[in-house]
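Written out below as structure tokens is the structure these notes cover.
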Amino acid sequence: MIDLNFLGRPKTKTKFKKSYKDVKVSYLKRIRWAVSMFYFGMGLCFATWASRIPDIKTALHLSEGDLGSVLFALPLGQLLAMPFSGKLVARFGSHRILIFSLFFYVFSLTNLGLAVAAWQLSLGLFVFGIFGNLSNIAVNTQGVYTEVLFKKTIMSSFHGMWSFAGFTGALVGLGMLAFELTPYTHFLIVAGIVLLMMAFNYNFLVKAKETIQVEKKKMFSKPDSGLIWLGVIGFCCMASEGVMFDWSGVYFKDVIKAPGPLVILGYTSFMIMMAGGRFFGDGLIQKFGRKKVLQISGVMISVGLFTAVLFPFIIPATLAFMFVGLGVSTIVPTLYSVAGKTPNVSPSVALTTVSSVSFLGFLMGPPIIGYIAELSSLRFSFAFIGIFGFLIALMVTRIKAID
């Protein structure tokens, strides 16, 4: 047993298969690369699904409201896994749970391509959500460990890899459409790529298992209030992000009336700026501080979404989606970094609290958009989500944990 005072949690003890304190810099970089690849693999899986949503919507003859109902299966899976994911990661180690959950995340992705009815797609998305939650907690726990080993802020760059995977997934999706491959064939190819990434990198994950008092609490014990508020900020951010993932293509097709391949322009511009913002985000935070960067980011989200609503044309809407991408880029990585270093709380349990609340926004935002669009219009639903950016800026100002 090694007392990990250097993790900033004096009462936390963790079992390691090896010590990382005196390893070479080159080995630390290899660890960082391996963890980055797992972020990339997760992002590629989700982006692959998102890139084929318009096609699957058409193939299954779903309306906006029907699609919203189907997409709601994802947060249901998320909710089911929420009480258990942090406990499992703390009990068995994030490296083990990550391998297990990502394998089944990939497998459930392929099953989505087999759906021929709405109920089948809903069932597939439900399972996809369960393993997505487990993978999310495990990979972000790995991110926290790696950030501590480097003794500087690098969490944003990890999420940058997730975003870069989203951009890559969009390009691959465009290529698959050009070759007229079915979603199932597309998903199988991506699954093979992710499994290869896992095979080449799993040996370099941080091998640690937490054993702390918080694990002995009741399964449904009251979470830390500070972590809940961090999660609420993440909810607002990821609701905006989830809408861009699932509805940007539909928005450009139905509202902007973008021709042919330009339908994917909004999503692509969003992903490029989100990925770029995350790779530069760590430096901006170190220079200007977390609070100021997060406040500006919240305002950018609102300005971008309202611009797309007020000016539904290709050029202004593309620029607006780029603004939204920059706005969401640094918020969630910063929240995870803060949560993972909460004193006397297991990083996996802290991340479960924050990321689970946050991901509810990511997963519930798209269905809500569908319902609002069914009742009014897609433009009005985007304007509704636009309010969340201003709420982020307001809440960041009032939370002391964000310095």
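All values reported here derive from a predicted model rather than from experimental measurement.
With 3.5 Å as the limit, one finds no donor-acceptor pair spanning the side chains of T58 and D55. When only modelled atom types and interatomic distance are considered, Y39 and N140 share a side-chain donor-acceptor pair under 3.5 Å. In this structure, a donor-acceptor pair under 3.5 Å is absent between the side chains of T153 and D282. With hydrogens and angles left out, the side-chain atoms of S337 and T334 include no donor and acceptor closer than 3.5 Å. Side-chain contact, S101 with S135: a donor N or O sits under 3.5 Å from an acceptor N or O. Residues Y371 and S69 have side chains that bring a donor and an acceptor to within less than 3.5 angstrom of each other.
Across all non-hydrogen atoms, the minimal contact from I369 to L378 is CG2-CD1, 3.8 Å. Among all heavy-atom pairs drawn from A320 and A308, the shortest one is CB-N, 3.7 Å. C45 approaches L109 most closely through the heavy-atom pair O-CD1, 3.7 Å. In terms of heavy-atom proximity, A191 sits nearest to T110 at CB-CG2, 3.7 Å. Among all heavy-atom pairs drawn from I137 and S85, the shortest one is CG1-OG, 3.6 Å. Heavy-atom minimum distance, E147 versus M155: OE2-N, 3.1 Å.
Under a 3.5 Å cut-off, the side chain of S240 and the backbone N or O of C236 do form a donor-acceptor pair. Although no hydrogens or angles enter the test, the distance criterion places a donor-acceptor pair under 3.5 Å between the side chain of Q142 and the main chain of V206. A donor-acceptor pair under 3.5 Å is absent between the side-chain atoms of R91 and the main chain of K87, judged by distance alone. A donor-acceptor pair is defined here as one N or O able to donate and one able to accept, closer than 3.5 Å; such a pair exists between the side chain of Q120 and the backbone of V116.
Under the side chain to side chain donor-acceptor pair (under 3.5 Å) criterion, the residue pairs touching residues 191-205 are R30-N201, with sequence neighbours excluded. For residues 297-323, the pairs satisfying side chain to side chain donor-acceptor pair (under 3.5 Å) are S297-T330, with sequence neighbours left out. Applying the side chain to side chain donor-acceptor pair (under 3.5 Å) test to every pair with at least one member in residues 376-397, sequence neighbours left out, gives these pairs: Q295-T397. Within the structure, ring-ring contact (aromatic ring centres under 6.0 Å, His included) contacts touching residues 265-317 (residues at least two apart or in different chains) are F245-Y267.
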| task | Go through I301 and F388 one step at a time and tell me if the side-chain contact (heavy atoms from CB on, under 4.5 Å) criterion holds. | result | CA-CA 8 Å; I301 292 173; F388 287 6; 5.8 Å; no
| request: Take T182 and T185 through the side-chain hydrogen bond (donor to acceptor under 3.5 Å, both in side chains) test and state the conclusion after the steps. | output: CA-CA 5 Å; T182 64; T185 302; 3.0 Å; yes
| task | Walk me through it: do I296 and M300 pass the test side-chain contact (heavy atoms from CB on, under 4.5 Å)? | result | CA-CA 6 Å; I296 295 174; M300 291 180 72; 4.1 Å; yes
| said: Is there a side-chain contact (heavy atoms from CB on, under 4.5 Å) between W229 and V232? Walk through the geometry before answering. | reply: CA-CA 5 Å; W229 279 111; V232 172; 4.3 Å; yes
| query | Going through the checks in order, is the side-chain contact (heavy atoms from CB on, under 4.5 Å) test met by V106 and V190? | reply | CA-CA 8 Å; V106 170; V190 171; over 6 Å; no
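Proximity of S248 to F321: side-chain heavy atoms (C-beta onward) are separated by under 4.5 Å at one or more points. Contact check for T146 versus F158: side-chain heavy atoms found under the 4.5 Å cut-off. The shortest side-chain heavy-atom distance between I368 and F72 does not fall under the 4.5 Å cut-off. Inter-residue side-chain proximity for Y251 and V309 is flagged as met; some heavy-atom pair is nearer than 4.5 Å. Contact check for L112 versus F128: side-chain heavy atoms found under the 4.5 Å cut-off. M322 places none of its side-chain heavy atoms less than 4.5 Å from the side chain of I272. Using a 4.5 Å cut-off on side-chain heavy atoms (C-beta onward), V328 and V332 make no contact. Using a 4.5 Å heavy-atom cutoff, the side chains of L262 and F252 are not in contact.
F131 pairs in a ring pair (Phe, Tyr, Trp, His ring centres under 6.0 Å) with only one of the listed residues (F107, F104, F126, Y105), which is F104. Remark: of the listed residues D66, L67, L121, L121 is the sole one forming a side chain to side chain contact (heavy atoms under 4.5 Å, CB included) with L60.
Separating the CG atom in L305 from the CG atom in L310 is a distance of 11.0 Å, to the nearest 0.5 Å. In this structure, L88 CG and N133 CG are separated by 10.0 Å, a value rounded to the nearest 0.5 Å. Note that CD1 of I99 and CZ of F92 are 15.5 Å apart. Values are rounded to the nearest 0.5 Å. Here the OG-NZ distance, from S36 to K29, works out to 13.0 Å after rounding to the nearest 0.5 Å. Atom-to-atom distance recorded for M198:CE and F38:CZ is 5.5 Å, nearest 0.5 angstrom.
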With a 3.5 Å cut-off and sequence neighbours excluded, list the donor-acceptor pairs that the side chains of residues 160-180 form with protein atoms.
residue, atom, partner, partner atom, Å
S163, OG, H159, O, 3.1
S163, OG, R278, NH1, 2.6
T168, OG1, F164, O, 2.9

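Annotation for F384: atom CZ does not count as buried by contact number, only 12 or fewer foreign heavy atoms lying within 6.0 Å. The local environment of CZ in F323 is sparse, with at most 12 non-hydrogen atoms from other residues, nucleotides or ligands closer than 6.0 Å.
Legend: residues meeting side chain to side chain donor-acceptor pair (under 3.5 Å) with S108, ordered by chain and number and at least two apart, are absent.
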